[in-house]
Every structure is written in structure tokens, then in C-alpha cells.
Amino acid sequence: MTFLKISRREFMQSTAAGLVVAGAGSRIALAADVTIGIVYVGPRDDFGWNQAHAMAVKSLKALPGVKAVEEENVPETDACSKSMESMVNLDSANIVLGTSFGYFDPFMVDLAKKYAKVEFRHAAPLWNETKHPKNLGSYFGYLNQAHYVDGVAAGLSTKSNKLGFVAAKPISSVLSNINSFMLGAKKTNPNAVVQVIFTGDWSLPVREAEAVNALVDAGCDVITCHVDGPKVVIETAEKRGAKTCGHNASQAPLAPERLHHRRGIQVETIYKGYAEKLARAKSCRT
């Protein structure tokens with residue numbers, strides 16, 4: 001038997017086309033006062049970056065007059081443009097949130113120019129008021145501060161003075177977190193050194209496992225990371241007997257014995273603020 005696999009976007013587009021052919025002149029359900037679209041680069045239950053955002057969106061769904069439309073596992077290609085554009089055209093999204101670094105330019109920049117009445121927000125500090133559309137913007141957290149605290153804890157707990165860091169890409173925000181982790185470790189243990197392995201992308205489970213094993217083999221007894229879903233990193237380190245520091249969401253269920261510090265990014269307040277501003281003034285800029 002052959003199964004047809006289609007994305008939410010493709011299903012919605014085909015359904016919308018069918019309604020037009022049938023002469024349906026109105027939407028089946030009344031539109032919410034505020035419709036928020038959000039696109040994730042990975043699964044919503046990744047114990048990391050995507051899950052942190054999904055948890056915030058879940059809280060939005062409990063608010064009166066707010067509708068949230070989500071799509072997960074959308075790569076940093078023109079696929080994200082297509083997903084976001086369908087949220088605008090098929091779901092009447094007032095605001096679209098792009099949660100992955102590579103969504104911004106050119107994809108969200110071009111969409112903001114095309115849909116001037118829709119707000120677009122990107123989860124990285126890349127927006128520049130002087131050169132980017134006014135209906136586009138950025139939001140982010142001070143992740144480096146949490147990594148500094150992780151470093152403090154790692155410096156105190158290491159016995160080998162070797163700390164391992166599994167990182168996705170050598171971009172500014174990732175490098176800042178690595179440096180902050182190192183500074184925190186040096187604060188409590190001047191002899192501590194940090195060894196870094198870059199996997200090359202946000203979610204590469206096999207490479208992440210290989211990186212952890214290589215770091216542990218090199219003598220690292222505390223492991224941390226900056227990848228989208230830390231699940232593989234935490235579980236592999238736990239099996240190898242190394243302590244870990246979490247990233248973006250709680251990984252406590254994954255490492256009941258050796259998770260040294262768990263921290264999460266909280267974006268619920270930001271998302272609720274967007275919803276409230278849109279409901280009141282139809283713009284996030286007021």
C-alpha cells in the first residue's frame with residue numbers, strides 16, 4: 001500500500017482550492033481577533049529550542065480571541081517562505097513568527113516587503129531599523145548569561161578540568177554562548193579548558209552523538225551544547241557517565257543522574273505581548 005505524505009501547507013492549499021471550485025464564499029469558521037503563525041525548524045517536542053517556543057504558543061491558545069497556527073520541521077530554505085505565506089493567505093495571520101536563524105534573510109525580509117500590513121518577527125537579533133522593513137522585527141533572549149551560569153557550575157564540578165561544548169554553527173550568537181560558558185568556567189576554575197566541536201547544522205543527531213563521544217574520549221567530564229534539540233547530546237553524555245548542562249528547555253527526564261544545571265528560554269511573555277498589542281492596535285509597533 002502506498003501512503004501519500006503531504007504537509008499542512010499543501011493540505012490547506014488543496015482544501016482552499018476545493019472550496020473555491022465549490023463556490024464557497026466564506027470561511028467555515030469565524031476568524032479569531034488575532035491569528036499568530038509560527039514556524040519551527042525542527043519538531044515541537046525536541047527538548048530544546050523548538051519546544052521552548054511551542055510551550056509559549058500553547059499558552060497563547062488559552063487566551064480569548066487568539067488563534068495560533070503552527071508548522072514544524074520547516075528547513076531554512078524557500079520552504080519557510082511558502083509556509084509563512086500560506087499562514088497569511090489561508091489563515092489570515094496578523095503576525096508570523098520565524099524561530100530559526102536562517103529564516104530571516106532573504107525569506108522573511110522579502111515577505112515583509114510583500115505583505116506590508118502583516119507583522120513579521122524573527123527570533124534572532126538581526127533586524128536593523130535603517131535597512132529592513134518596519135513591519136519586520138527581532139526578539140531574542142540573553143542566552144549568553146545562562147551559558148555563563150552553566151560555565152560557573154561546570155567549572156566547579158569538573159574533575160578533569162576539561163569541558164566539552166557541542167555547537168551547531170559558528171555564528172555570532174553561538175560563539176557568544178561558547179565564550180560566556182568559558183568565562184563562567186574560568187571564574188570558578190582557572191585551570192578549566194573548553195573543547196568545542198561544530199556539527200554543521202541545528203539538528204544532526206548522528207553528528208551530535210559522535211561529537212559527545214569524541215569529547216568524552218578526549219577527557220571532558222562535563223558536556224553542554226548549543227543545538228536545537230539537546231536530547232541526543234544529553235542522553236549520550238548520560239550514558240557515557242559525563243555530567244551535562246541543559247539548553248533552552250528542561251532535559252531533566254533525559255538525564256536523571258547527571259544533569260547538572262537546566263535552564264530554559266522564556267518567550268511566553270513576548271508572545272503574549274504581541275497578541276495584546278495586535279488586539280488593541282493591529283500593530284506590534286505601538
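Since we're looking at a predicted model, the values are computed, not measured.
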Undergrad: Between Asn128 (side chain) and Thr130 (backbone), is there a donor-acceptor pair under 3.5 Å?
TA: yes
Undergrad: In the single-linkage hydrophobic clustering (I, L, V, M, F, W, Y; side-chain heavy atoms under 4.5 Å), do Phe107 and Phe104 co-cluster?
TA: no
Undergrad: For the backbone of Ala56 and the side chain of Ser59, can you confirm whether one donor and one acceptor N or O come within less than 3.5 Å of each other?
TA: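 It does hold such a pair.
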Undergrad: Kindly give the heavy-atom pair with the smallest separation between Leu163 and Ala185, and that separation in Å.
TA: CD1-CB, 3.5 Å
Undergrad: Does the side chain of Val88 reach to within under 4.5 Å of the side chain of Met84, using non-hydrogen atoms?
TA: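 The answer is no; the side chains never approach within 4.5 Å.
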Undergrad: Are Leu156 and Tyr148 grouped together when hydrophobic residues (ILVMFWY) are joined by side-chain heavy atoms under 4.5 angstrom apart?
TA: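 Cluster IDs for Leu156 and Tyr148 match.
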Undergrad: Check step by step if side chain to side chain donor-acceptor pair (under 3.5 Å) holds for His122 and Tyr139.
TA: CA-CA 6 Å; His122 180 252; Tyr139 62 99; over 6 Å; no
Undergrad: Strictly distance-based, threshold 3.5 Å: is any side-chain N or O of Asn177 a donor or acceptor partner for the main-chain N or O of Ser173?
TA: yes
Undergrad: Supply the atom-to-atom distance Gln195 CD to Ile178 CD1, rounded to the nearest 0.5 angstrom.
TA: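 With rounding to 0.5 Å, CD (Gln195) is 12.5 Å from CD1 (Ile178).
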Undergrad: Checking His147 against Phe165 for the ring-ring contact (aromatic ring centres under 6.0 Å, His included) test, could you report, in this order, the C-alpha distance in whole Å, the side-chain angles of both residues, the deciding distance, and whether it holds?
TA: CA-CA 11 Å; His147 279 279; Phe165 201 114; 5.7 Å; yes
Undergrad: Counting only heavy atoms not in Arg44 (residues, nucleotides, ligands), do more than 12 fall under 6.0 Å from its CZ?
TA: yes
Undergrad: Assess whether a salt bridge exists between Glu76 and Lys169, defined as any Lys/Arg side-chain N lying under 4.0 Å from an Asp/Glu carboxylate O.
TA: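 A salt bridge is present here (some side-chain N lies under 4.0 Å from a carboxylate O).
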Undergrad: Do Tyr115 and Glu85 have side-chain N/O donor and acceptor atoms under 3.5 Å apart?
TA: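 Side-chain D/A pair, Tyr115 to Glu85: present.
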Undergrad: Test side-chain contact (heavy atoms from CB on, under 4.5 Å) on Asp105 and Leu126 and set out the steps.
TA: CA-CA 9 Å; Asp105 194 359; Leu126 299 178; over 6 Å; no
Undergrad: Got a second to check how far Ile36's CD1 is from Glu119's CD, nearest 0.5 Å?
TA: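 Atom-to-atom, Ile36:CD1 and Glu119:CD are 11.5 Å apart.
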Undergrad: Cluster question for you: counting only ILVMFWY and a side-chain heavy-atom cut-off of under 4.5 Å, with indirect links fine, are Val196 and Phe101 together?
TA: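 Per the 4.5 Å side-chain linkage, Val196 and Phe101 are co-clustered.
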Undergrad: Judged by atom type as modelled, is there a donor-acceptor pair below 3.5 Å linking the side chain of Asp228 to the main-chain atoms of Ser203?
TA: no
Undergrad: Checking Thr188 side chain against Val152 main chain: does a donor-acceptor pair fall under 3.5 Å?
TA: yes
Undergrad: Can you tell me if Ser180 uses its side chain to pair, donor with acceptor, with the backbone of Ser176 under 3.5 Å?
TA: yes
Undergrad: Nearest heavy-atom pair of Thr224 and Cys245: which atoms, and what distance?
TA: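 So the two residues come closest at OG1-O, 3.2 Å.
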Undergrad: Under a 4.5 Å side-chain heavy-atom rule over Ile, Leu, Val, Met, Phe, Trp and Tyr, are Val96 and Val74 clustered together?
TA: yes
Undergrad: Give the minimum heavy-atom separation between Thr244 and Ala237, together with the two atoms involved.
TA: CG2-CB, 3.3 Å
Undergrad: Closest heavy-atom contact between Asn94 and Leu278?
TA: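 For Asn94 and Leu278, the tightest heavy-atom pair comes out as CB-CD1, 4.2 Å.
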Undergrad: Give me the ring orientation class for Trp202 and His226: parallel if the planes are under 30° apart, tilted from 30 to 60°, perpendicular past 60°.
TA: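 Tilted, since the angle between the ring planes falls between 30° and 60°.
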Undergrad: Does the Thr236 side chain pair with the main chain of Val212, one donor and one acceptor, at a distance under 3.5 Å?
TA: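 Answer holds: no.
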Undergrad: Determine whether the side chains of Glu208 and Thr199 contain a donor N or O and an acceptor N or O closer than 3.5 Å.
TA: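 No.
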Undergrad: Going from CG on Leu183 to NZ on Lys186, what distance comes out if it is rounded to the nearest 0.5 angstrom?
TA: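 NZ of Lys186 is found 9.5 Å from CG of Leu183.
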Undergrad: Start with the C-alpha distance between Glu71 and Tyr40, add both sets of side-chain angles, then the distance that settles side chain to side chain donor-acceptor pair (under 3.5 Å), and finish with yes or no.
TA: CA-CA 6 Å; Glu71 188 161 356; Tyr40 312 103; over 6 Å; no
Undergrad: Thr99 and Trp49: which non-hydrogen atoms are nearest, and at how many Å?
TA: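 The answer is O-NE1, 2.6 Å.
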Undergrad: Ignoring hydrogens and geometry beyond distance, is a side-chain donor-acceptor pair present between Thr158 and Asp221 at under 3.5 Å?
TA: yes
Undergrad: Is the shortest distance from a Lys or Arg side-chain nitrogen in Glu238 or Arg240 to a carboxylate oxygen in the other one below 4.0 Å?
TA: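 A salt bridge is absent here (no side-chain N lies under 4.0 Å from a carboxylate O).
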Undergrad: Can you check whether Lys61 reaches Val66 side chain to side chain, under 4.5 Å on heavy atoms?
TA: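 SC-SC contact between Lys61 and Val66 ruled out.
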Undergrad: Calculate, to the nearest 0.5 Å, the distance between atoms CG and CZ belonging to Asn179 and Phe181 respectively.
TA: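 These two atoms lie 12.0 Å from each other.
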Undergrad: Under a 4.5 Å cut-off applied to non-hydrogen side-chain atoms, are Val233 and Ile223 in contact?
TA: yes
Undergrad: Taking the side chain as every heavy atom from C-beta outward, state whether Tyr271 and His53 have any pair of such atoms under 4.5 Å apart.
TA: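 The answer is yes; the side chains approach within 4.5 Å.
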Undergrad: To check you understand the geometry: which heavy-atom pair defines the closest contact between Cys220 and Ala242, and what is its length?
TA: O-CB, 4.5 Å
Undergrad: Quick one: does Asn161's side chain have a donor or acceptor within less than 3.5 Å of a partner on Asn191's backbone?
TA: no
Undergrad: Are the side chains of Val39 and Leu97 in contact, using a 4.5 Å heavy-atom criterion?
TA: no
Undergrad: With the threshold set at 4.0 Å, does a side-chain nitrogen-carboxylate oxygen contact exist between Glu235 and Lys239?
TA: no
Undergrad: Verify, without hydrogens or angle tests, whether Asn135 (side chain) and Ala112 (backbone) share a donor-acceptor contact under 3.5 angstrom.
TA: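 Yes, the answer is positive, given that a donor and an acceptor are paired below the 3.5 Å cut-off.
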Undergrad: Indicate, with yes or no, if Ile171 and Val41 share a hydrophobic cluster defined by side-chain heavy-atom contacts under 4.5 Å among Ile, Leu, Val, Met, Phe, Trp and Tyr.
TA: yes
Undergrad: I want to check something: taking the side chain as every heavy atom from C-beta on, are Lys134 and Leu136 in contact at a cut-off of under 4.5 Å?
TA: no
Undergrad: Is any side-chain heavy atom of Leu111 closer than 4.5 Å to one of Phe120?
TA: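 Sidechains of Leu111 and Phe120: in contact.
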Undergrad: Atom CZ of Phe140 and atom CD1 of Ile270: how far apart are they, to the nearest 0.5 Å?
TA: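 Output value for this atom pair is 10.0 Å.
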Undergrad: Any donor-acceptor pair under 3.5 Å linking the side chain of Asn50 with the backbone of Gly229?
TA: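 Looks like no, no N/O pair under 3.5 Å.
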Undergrad: Test side-chain contact (heavy atoms from CB on, under 4.5 Å) on Val34 and Lys67; report intermediate values, then the result.
TA: CA-CA 6 Å; Val34 176; Lys67 174 185 175 183; over 6 Å; no
Undergrad: Mind checking the NZ-CZ spacing from Lys231 to Phe47? Nearest 0.5 Å is all I need.
TA: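 Here the interatomic distance stands at 6.5 Å.
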Undergrad: Passes side-chain contact (heavy atoms from CB on, under 4.5 Å), Val166 versus Ile197? Steps please.
TA: CA-CA 5 Å; Val166 180; Ile197 295 180; 5.5 Å; no
